[in-house]
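All remarks here apply to the structure that follows.
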Amino acid sequence: GENVEQHPSTLSVQEGDSAVIKCTYSDSASNYFPWYKQELGKRPQLIIDIRSNVGEKKDQRIAVTLNKTAKHFSLHITETQPEDSAVYFCAAPPSYNFNKFYFGSGTKLNVKP
Amino acid sequence: NAGVTQTPKFQVLKTGQSMTLQCAQDMNHNSMYWYRQDPGMGLRLIYYSASEGTTDKGEVPNGYNVSRLNKREFSLRLESAAPSQTSVYFCASSEASALTDTQYFGPGTRLTVL
């Protein structure tokens, strides 16, 4: 199956700083890469995704970049705020079966006021 | 529009007991999923159903069975619960089409097996 590795497992930043979370995947034919945010005690929710026909996608303070050659993609959060504190998960469904969603192990982001 | 709903929210079982977790979605999605979430382990796929009448194994199917009752409902059954199945269980659904692949999650069921 798809192997998705996510780093770091925890990340602590000062409010206003930037945060970057990286994921690597094994299936070179994978073409869809979403990021989910899970606040404490809540359900995961999609925050941004990217398809392999683009290298970068932005939505206000968050962006995702994709390097297909190196098989990694990253979540970038600029001007972090305390409400960004949460666990973030990446995923990379394998090309042979889109329904087999394999998530990374998660990154706990703590934004210190 | 309730989205994805799950019952129960909390459950405590003794080892060897059985139970069924219920999930329903009102978004007319074709695909539905069951995940378990353990501390530090992220979300792991147990079973999924790509369409009504079909089910397939995910990463960690052992000890579980599923039923796609109709397009709306997808249940997860533990026949003989074990302490290793203590976890938070999330159901999700997705249109899983070329236009939109977002997974919508339910609120979760916190299960403790003693």
Side-chain angles (χ1 to χ4, degrees), chain A residues 1-11 21 23-27 30-54 57 59 64 75 86-109, chain B residues 2-6 9-10 23 25 27 29-61 66 68 74 87-110:
Chain A
E2 177 70 284
N3 185 26
V4 181
E5 294 190 0
Q6 183 173 343
H7 300 281
S9 56
T10 59
L11 181 58
I21 304 169
C23 281
T24 60
Y25 60 97
S26 58
D27 183 355
S30 289
N31 58 18
Y32 175 65
F33 308 94
W35 285 93
Y36 284 77
K37 176 183 180 182
Q38 186 179 28
E39 297 176 356
L40 188 63
K42 301 288 183 63
R43 71 192 78 185
Q45 290 187 299
L46 179 76
I47 54 171
I48 196 167
D49 57 13
I50 192 169
R51 296 189 182 274
S52 60
N53 57 343
V54 297
K57 183 177 178 181
D59 183 2
V64 56
L75 177 70
V87 179
Y88 292 82
F89 295 98
C90 64
S95 57
Y96 60 86
N97 186 342
F98 176 78
N99 280 293
K100 280 201 167 183
F101 243 70
Y102 295 109
F103 284 89
S105 54
T107 296
K108 185 175 183 180
L109 174 64
Chain B
V4 180
T5 57
Q6 291 181 235
K9 292 185 178 178
F10 301 94
C23 174
Q25 52 95 6
M27 295 175 282
H29 287 165
N30 287 316
S31 296
M32 296 187 73
Y33 313 82
W34 276 105
Y35 295 91
R36 61 177 288 173
Q37 184 173 34
D38 304 314
M41 294 292 291
L43 294 153
R44 291 186 292 170
L45 182 64
I46 305 171
Y47 271 93
Y48 67 94
S49 170
S51 62
E52 184 179 351
T54 68
T55 61
D56 283 289
K57 296 178 181 178
E59 280 181 275
V60 289
V66 290
R68 183 74 182 267
F74 188 37
S87 189
V88 179
Y89 291 85
F90 286 100
C91 176
S93 72
S94 170
E95 189 174 314
S97 71
L99 294 175
T100 174
D101 308 310
T102 305
Q103 294 213 355
Y104 295 88
F105 285 82
T109 295
R110 188 173 295 274

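Since this is a predicted model, take the numbers as computed values, not measurements. Throughout, protein chains are lettered first and strands after them, A, B, ... in sequence-line order, and every chain is numbered starting at 1.
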Check ion pair A:D49-A:R51 (N to O, under 4.0 angstrom) = no
Run the side-chain contact (heavy atoms from CB on, under 4.5 Å) check on A:L46 and B:Y104 step by step: do they pass?
-> CA-CA 8 Å; A:L46 179 76; B:Y104 295 88; over 6 Å; no
When you check the gap from the basic side-chain N to the acidic O, do B:R44 and B:D38 get nearer than 4.0 Å?
-> yes
Side chain, backbone, both or neither: which part of B:Q37 has an atom under 4.5 Å from a heavy atom of chain A?
-> side chain
Toward chain A, the part of B:V88 with a non-hydrogen atom under 4.5 Å | neither
Proximal component of A:K42, with respect to chain B [non-hydrogen, under 4.5 Å] = backbone
Side chain, backbone, both or neither: which part of A:P34 has an atom under 4.5 Å from a heavy atom of chain B?
-> neither
Which one of B:L43, B:T109, B:I46 satisfies the side chain to side chain contact (heavy atoms under 4.5 Å, CB included) criterion with B:F90?
-> B:L43
Examine B:Y47 together with B:F74 and report whether their ring centres are nearer than 6.0 Å.
-> no
What part of A:Q38 is in contact with chain B, defined as an atom under 4.5 angstrom from a non-hydrogen atom: side chain, backbone, both or neither?
-> side chain
